[in-house]
Amino acid sequence: GQNIDQPTEMTATEGAIVQINCTYQTSGFNGLFWYQQHAGEAPTFLSYNVLDGLEEKGRFSSFLSRSKGYSYLLLKELQMKDSASYLCAVSPADRGSTLGRLYFGRGTQLTVWP
Amino acid sequence: DGGITQSPKYLFRKEGQNVTLSCEQNLNHDAMYWYRQDPGQGLRLIYYSQIVNDFQKGDIAEGYSVSREKKESFPLTVTSAQKNPTAFYLCASSIGGRNTGELFFGEGSRLTVL
């Protein structure tokens with residue numbers, strides 16, 4: 001089976017930095033995704049990691065360690081609009097699986113306070 | 001603008017009734033997916049289709065049915081056999097084949113069974 005864990009909730013203040021962790025155990029690995037989802041809305045793509053290391057995109061960065069089954073999403077200079085749920089998702093390498101077949105964690109609800 | 005359109009956004013149904021959720025995409029994507037989202041749970045895959053006239057069951061297919069007669073369309077029917085149908089339903093698409101697997105989501109359909 002596939003197991004993806006991330007914290008349920010986190011809080012931070014405006015302007016701060018927050019790190020959201022994700023650990024996974026999957027049958028193979030074809031990449032890890034982070035999505036942002038505001039309440040009642042569709043998830044939107046933030047980042048994709050398939051090789052070890054850090055990927056930076058503006059205020060958001062994502063890190064991957066395949067040997068440890070671990071990723072984190074780093075959000076800098078937090079803004080109120082960053083309050084949302086952050087979903088970690090893994091693409092396994094099962095035989096016959098389509099690459100778009102993602103397994104999702106339960107999401108981390110981030111609240112940013114003024 | 002390209003995207004995925006889901007309808008209706010909100011739907012109420014009486015127990016024992018079937019209901020069909022629409023999903024249309026104009027991204028020219030081969031693969032389409034239906035996910036279900038419940039509070040405190042990750043997105044769970046109901047059905048997916050990699051090509052027209054073909055689809056596979058996901059992790060929670062019981063009580064649901066789909067069709068893929070056109071590349072652009074992937075409707076989901078929630079049947080009366082689905083024991084707990086109240087949920088937020090998300091349709092997604094991806095390029096398919098050997099791409100990264102990035103999913104593009106529709107705005108979602110919230111189904112409430114009265």
Side-chain angles (χ1 to χ4, degrees), chain A residues 1-9 20 22-51 55 57 62 64 84-109, chain B residues 3-7 9-10 21 23 25 27 29-51 54-61 68 74 87-112:
Chain A
Q2 326 290 345
N3 191 39
I4 300 168
D5 281 319
Q6 51 182 130
T8 304
E9 293 179 330
I20 302 174
C22 173
T23 57
Y24 63 90
Q25 292 174 305
T26 56
S27 54
F29 181 80
N30 259 330
L32 186 143
F33 295 79
W34 285 96
Y35 284 84
Q36 179 191 61
Q37 186 180 24
H38 286 98
E41 297 182 8
T44 55
F45 170 80
L46 289 178
S47 69
Y48 169 69
N49 295 71
V50 66
L51 300 176
E55 295 278 344
K57 235 190 232 185
S62 57
L64 176 67
S85 183
Y86 290 86
L87 312 179
C88 175
V90 175
S91 177
D94 288 332
R95 182 188 297 275
S97 73
T98 176
L99 288 180
R101 204 262 188 253
L102 300 184
Y103 288 89
F104 285 82
R106 296 185 177 208
T108 299
Q109 182 63 46
Chain B
I4 300 179
T5 302
Q6 287 186 240
S7 63
K9 192 166 184 177
Y10 298 96
L21 308 180
C23 179
Q25 56 101 356
L27 300 168
H29 285 172
D30 285 320
M32 296 188 74
Y33 311 81
W34 274 104
Y35 283 90
R36 170 181 171 142
Q37 188 173 36
D38 295 281
Q41 295 204 37
L43 275 67
R44 292 181 291 168
L45 184 65
I46 304 172
Y47 268 98
Y48 64 101
S49 168
Q50 296 174 260
I51 198 168
D54 185 53
F55 50 82
Q56 289 80 39
K57 292 182 179 179
D59 300 318
I60 54 166
R68 187 84 187 277
F74 192 41
F88 188 49
Y89 291 88
L90 285 161
C91 179
S93 71
S94 67
I95 295 174
R98 301 299 295 177
N99 75 313
T100 61
E102 179 186 346
L103 296 180
F104 295 80
F105 287 90
E107 292 296 311
S109 294
R110 188 168 297 279
L111 172 63
T112 302

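Letters go in sequence order (proteins before strands), and every chain restarts at 1.
The minimum heavy-atom distance linking B:R110 with A:G40 is given by the pair NH2-CA, 4.2 Å. For A:Y103 against B:D59, the heavy-atom pair with the smallest separation is CE2-OD2, 3.7 Å. When all heavy atoms are compared, the tightest approach of B:G106 to A:A42 is O-CB, 2.7 Å.
Residue contact with chain B, scored on non-hydrogen atoms closer than 4.5 Å, involves the side chain of A:Q37 exclusively. Looking at B:L90, only its side chain comes within 4.5 Å of chain A, counting heavy atoms on both sides. Only the side chain of B:Q37 comes within contact range of chain A, with at least one heavy atom under 4.5 Å from a heavy atom of that chain.
Atom CZ in A:F104 sits 5.5 Å away from atom CG in B:L103 (nearest 0.5 Å).
Among A:S85, A:A89, A:P43, the residue with the largest count of heavy-atom pairs under 4.5 Å with chain B is A:P43. Counting heavy-atom pairs under 4.5 Å between each of B:G40, B:A92, B:G42, B:G108 and chain A puts B:G42 at the top.
Side-chain contact between B:F104 and A:T44: absent, with no pair of heavy atoms (C-beta onward) separated by less than 4.5 Å. Counting heavy atoms from C-beta on, the side chains of B:E102 and A:F33 come closer than 4.5 Å.
Under the side chain to side chain donor-acceptor pair (under 3.5 Å) criterion, A:Y86 pairs with A:Q36, sequence neighbours left out.
Taking the six-membered ring wherever Trp is involved, the centroid distance between the rings of A:F45 and B:F105 does not fall below 6.0 Å.
Within a 6.0 Å radius of CG in B:L27, more than 12 heavy atoms belonging to other residues, nucleotides or ligands are found.
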